[in-house]
Number of protein chains: 2
Amino acid sequence: MTQALLHPTETDTVESLDTVETPALVLDIAKLDRNVARLRSRLDALGVAFRPHVKSGKSIDVARRLFADGVGPITVSTLAEADYFASAGFTDITYAVGLSPDKIDRTRELVAAGVDLSVLIDSVDQARALVEAARDGGAMPGVLIEIDCDGHRGGVLPDDPALVAIAERLRDGGVLLRGVLTHAGESYGARGGAGLPEAAEQERAAAVNAAEALRAAGHASPVVSVGSTPTAHFAKNLDGVTEVRAGVFMFFDLVMHGIGVCEVDDIALSVIATVIGHRPEKGWILTDAGWMAMSRDRGTQKHPVDQGYGLVCDIDGKPFADLIVEDASQEHGILKLRPGSGAVLPDLPLGTRVRILPNHACATGAQHDSYAVVETGKREVTARWTRMRGW
Amino acid sequence: MTQALLHPTETDTVESLDTVETPALVLDIAKLDRNVARLRSRLDALGVAFRPHVKSGKSIDVARRLFADGVGPITVSTLAEADYFASAGFTDITYAVGLSPDKIDRTRELVAAGVDLSVLIDSVDQARALVEAARDGGAMPGVLIEIDCDGHRGGVLPDDPALVAIAERLRDGGVLLRGVLTHAGESYGARGGAGLPEAAEQERAAAVNAAEALRAAGHASPVVSVGSTPTAHFAKNLDGVTEVRAGVFMFFDLVMHGIGVCEVDDIALSVIATVIGHRPEKGWILTDAGWMAMSRDRGTQKHPVDQGYGLVCDIDGKPFADLIVEDASQEHGILKLRPGSGAVLPDLPLGTRVRILPNHACATGAQHDSYAVVETGKREVTARWTRMRGW
């Protein structure tokens with residue numbers, strides 16, 4: 001056997017959705033641009049800066065649709081993302097996952113290389129580890145304190161004495177405190193938009209109250225950072241907030257549709273698949289897109305409309321009535337009409353190509369190494385954009 | 001910014017579980033070897049050949065623990081796996097996912113390059129597409145007909161007239177029929193081993209009956225292939241079967257434990273993670289291993305013992321009583337005691353490293369680019385083994 005057996009993933013020939021190897025990740029660039037413009041215009045009207053979360057795209061090419069040039073600002077979820085985006089010139093970075101002490105050295109390397117990096121902590125122990133590291137006088141990241149606005153995961157409550165204790169520990173050790181950051185993760189529990197204006201206000205109030213508590217104790221808090229895709233789209237007032245973060249807004253997905261943040265037609269990401277078999281007596285159509293292509297995410301499982309492993313469209317992106325990926329093995333998807341549907345199973349002969357909208361764009365994207373970029377309703381693949389992964 | 005910012009994934013320094021970047025995929029090589037020896041010895045005693053499914057490991061290094069040398073036989077789930085393993089000398093390959101017509105050219109390229117490839121079909125339409133391709137007289141793969149033994153996904157029933165019709169179409173067109181293949185996918189619904197000997201017998205009988213039906217109609221069926229990890233471990237008699245396939249057996253996981261196929265101590269794959277925070281009032285410990293590191297697989301969700309996103313062990317692989325990953329965001333895991341547990345939450349200070357056993361080894365492995373290889377109970381990383389992905 002020779003290396004010639006290794007199948008090339010890029011060719012000089014023009015790709016099209018009719019011929020691309022399936023399964024493959026497809027990005028509708030017109031919808032991406034529309035989703036970005038929608039949120040940017042909203043946040044401009046509210047008078048706040050925008051620091052998009054690039055963990056959803058994990059791609060320099062996608063990030064350049066958010067910022068045609070410039071250094072950001074961006075949010076990342078791993079230090080590997082920070083390395084990757086910094087190497088492409090995005091140097092205004094917030095690493096928005098609680099910092100473990102053994103990652104401090106990597107954050108310092110980024111700062112030493114010219115990155116304007118903020119890290120996130122929510123305990124005096126983390127502040128102590130940063131202060132310990134800073135003793136050698138070398139480069140250090142700025143620090144944001146994570147605020148818990150809704151009990152979702154980490155953070156300190158705005159009125160917790162730990163908030164000021166962390167700030168004091170940093171000041172005593174000469175480490176720069178930049179402000180506070182919160183994320184309304186519980187907003188993902190909303191349905192049909194209900195409660196989202198209130199969740200956005202709760203998120204805003206928690207961050208602003210925490211910043212005020214710090215200021216009252218004599219600490220500057222120039223950064224007041226909030227954000228989640230649902231709250232970013234429903235906030236009515238962001239007084240006191242300096243920046244908003246959001247990630248999945250750029251692609252949207254069936255979970256965001258169920259939450260009430262987008263229409264199905266806004267979803268920019270899909271997986272193209274090929275029909276490989278039929279079980280007419282069961283109402284099943286089998287495809288080559290299983291959970292390896294779709295991810296195991298079943299984010300709509302508890303929604304009023306359960307989308308299975310995804311909603312099935314024709315090759316041009318038009319949904320079939322009530323046709324979902326009802327079940328999935330590693331490399332098999334089973335298409336079936338929703339329970340109780342009055343629709344007729346479409347005739348999709350062997351070899352037919354379909355496009356499947358994902359539950360969760362971040363999870364589905366992570367199963368693929370690149371995007372096949374198309375325009376809405378067109379089949380020509382105008383570009384292949386690479387994704388990064390790892391930690 | 002320069003390329004120097006890109007963090008190296010391999011270094012010349014000796015890695016250890018104390019220092020490796022987290023989250024990371026850890027493979028206990030002694031357990032892998034033990035799991036392989038256990039099933040191989042079982043199948044030797046039953047007098048059948050073994051064609052392991054390399055989709056679980058997706059790694060030449062892992063596959064070489066199954067076959068120190070030689071060409072296989074192996075099973076793959078994608079043609080990218082076929083390319084990858086063939087390039088390393090594994091040339092006896094069955095591609096065990098229903099063939100779509102547009103993949104026929106790739107299978108022919110493999111055969112032309114020297115691979116002894118079998119493909120899987122379950123319809124006259126697929127047979128017709130193969131016959132059409134074969135008209136030019138070029139290299140063609142052999143064909144197996146997929147048999148439905150338990151209603152799990154694809155395949156024809158052993159007594160379906162389509163079985164012989166497919167064989168006739170292939171013979172008329174000069175395409176080689178090699179036999180039949182089935183997979184007892186419904187065996188994953190078992191709990192605690194109950195029903196698995198019966199599922200194995202049902203799988204055997206379906207395959208053998210289908211082969212007999214083909215032979216009665218004048219078609220040779222030298223290959224009678226069955227397999228799933230649960231049935232492979234519980235079959236009492238494999239008369240008439242020529243080979244068994246299984247994949248996840250090499251690593252095992254919490255789903256296999258719940259089904260009753262292995263002990264927790266047999267699980268060879270884990271994810272090492274670092275503690276990044278605490279919410280003592282909620283009984284939560286936060287780590288840097290979210291669903292990006294664990295996968296979204298919640299395969300034990302409907303088991304009597306729901307393991308959340310994974311069962312938590314100390315750095316040396318010893319489980320903590322009742323400590324599971326109760327919830328996960330993209331890069332956050334929330335550790336919590338199982339509901340109703342009488343155990344005490346262990347004291348895991350900031351920076352502590354833990355190892356998390358996965359629900360589903362195939363899905364968790366797919367989130368990572370390499371294995372950090374260790375011996376049971378030891379922390380030195382003796383090798384980094386690369387994984388492949390894509391289609």
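Chain letters run A, B, ... following the sequence lines, proteins first, then strands; residues in each count from 1.
The minimum heavy-atom distance between B:Gly155 and A:Arg279, with the atom names listed, is O-NH1, 3.1 Å. Here the closest non-hydrogen pair linking B:Gln330 and A:Ser77 is NE2-OG, 4.2 Å. In this structure, A:Trp291 and B:Cys362 approach most closely via the heavy-atom pair CH2-C, 3.8 Å.
A:Gln301 is listed as a side-chain neighbour of B:Gln301, based on a closest heavy-atom distance under 4.5 Å. The closest side-chain heavy-atom distance from A:His152 to B:His332 is not below 4.5 Å. Under the 4.5 Å side-chain criterion, counting only non-hydrogen atoms from C-beta, A:His278 is not in contact with B:Asp125.
In this structure, chain B has heavy atoms under 4.5 Å from both the backbone and the side chain of A:Arg153. Contacts of A:Lys103 with chain B are made by side-chain atoms alone, with heavy-atom separations under 4.5 Å and no backbone atom involved. Contacts of A:Arg353 with chain B are made by side-chain atoms alone, with heavy-atom separations under 4.5 Å and no backbone atom involved. Contact of A:Thr274 with chain B is made through the side chain alone, with heavy-atom distances under 4.5 Å. Both the backbone and the side chain of A:Thr22 come within contact range of chain B, each with at least one heavy atom under 4.5 Å from a heavy atom of that chain. Of the two parts of A:Asp297, the backbone and the side chain both hold a non-hydrogen atom closer than 4.5 Å to a non-hydrogen atom of chain B. Contact of A:Ala24 with chain B is not made at all, since no heavy-atom distance falls under 4.5 Å.
B:Ser123 OG to A:Ile276 CD1: the interatomic distance, rounded to the nearest 0.5 Å, is 10.0 Å. Rounded to the nearest 0.5 Å, atoms CG (B:Leu79) and CD (A:Glu331) are 10.0 Å apart. A distance of 9.0 Å separates OH in A:Tyr188 from OG in B:Ser329, rounded to the nearest 0.5 Å. Atom CZ of A:Arg296 and atom NE2 of B:His360 lie 6.0 Å apart (nearest 0.5 Å). Remark: A:Leu350 CG to B:Asp122 CG distance equals 9.0 Å, nearest 0.5 Å. From A:Asp288, atom CG reaches atom OG1 of B:Thr78 across 10.5 Å, with rounding to the nearest 0.5 Å.
Among the candidates B:Gly277, B:Gly154, B:Ala112, the residue making the largest number of heavy-atom pairs closer than 4.5 Å to chain A is B:Gly154. By number of non-hydrogen pairs under 4.5 angstrom with chain B, the leading residue of A:Gly351, A:Ala293, A:Ala129 is A:Ala293. Between chain A and the options B:Ser295, B:Pro101, B:Gly185, B:Pro349, the largest number of non-hydrogen pairs under 4.5 Å is found for B:Pro101. Counting heavy-atom pairs under 4.5 Å between each of A:Gly290, A:Ala96, A:Gly299, A:Gly151 and chain B puts A:Gly151 at the top. Most heavy-atom pairs under 4.5 Å with chain B: of the set A:Gln126, A:Arg389, A:His368, this distinction falls to A:Arg389. Note: A:Asp148 leads A:Thr19, A:Asp148, A:Thr287, A:Val156 in heavy-atom pairs under 4.5 Å with chain B.
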side-chain contact (heavy atoms from CB on, under 4.5 Å) for A:Arg106 and B:Glu21? Distances and angles first, verdict last. CA-CA 10 Å; A:Arg106 278 181 78 182; B:Glu21 293 284 347; 2.8 Å; yes
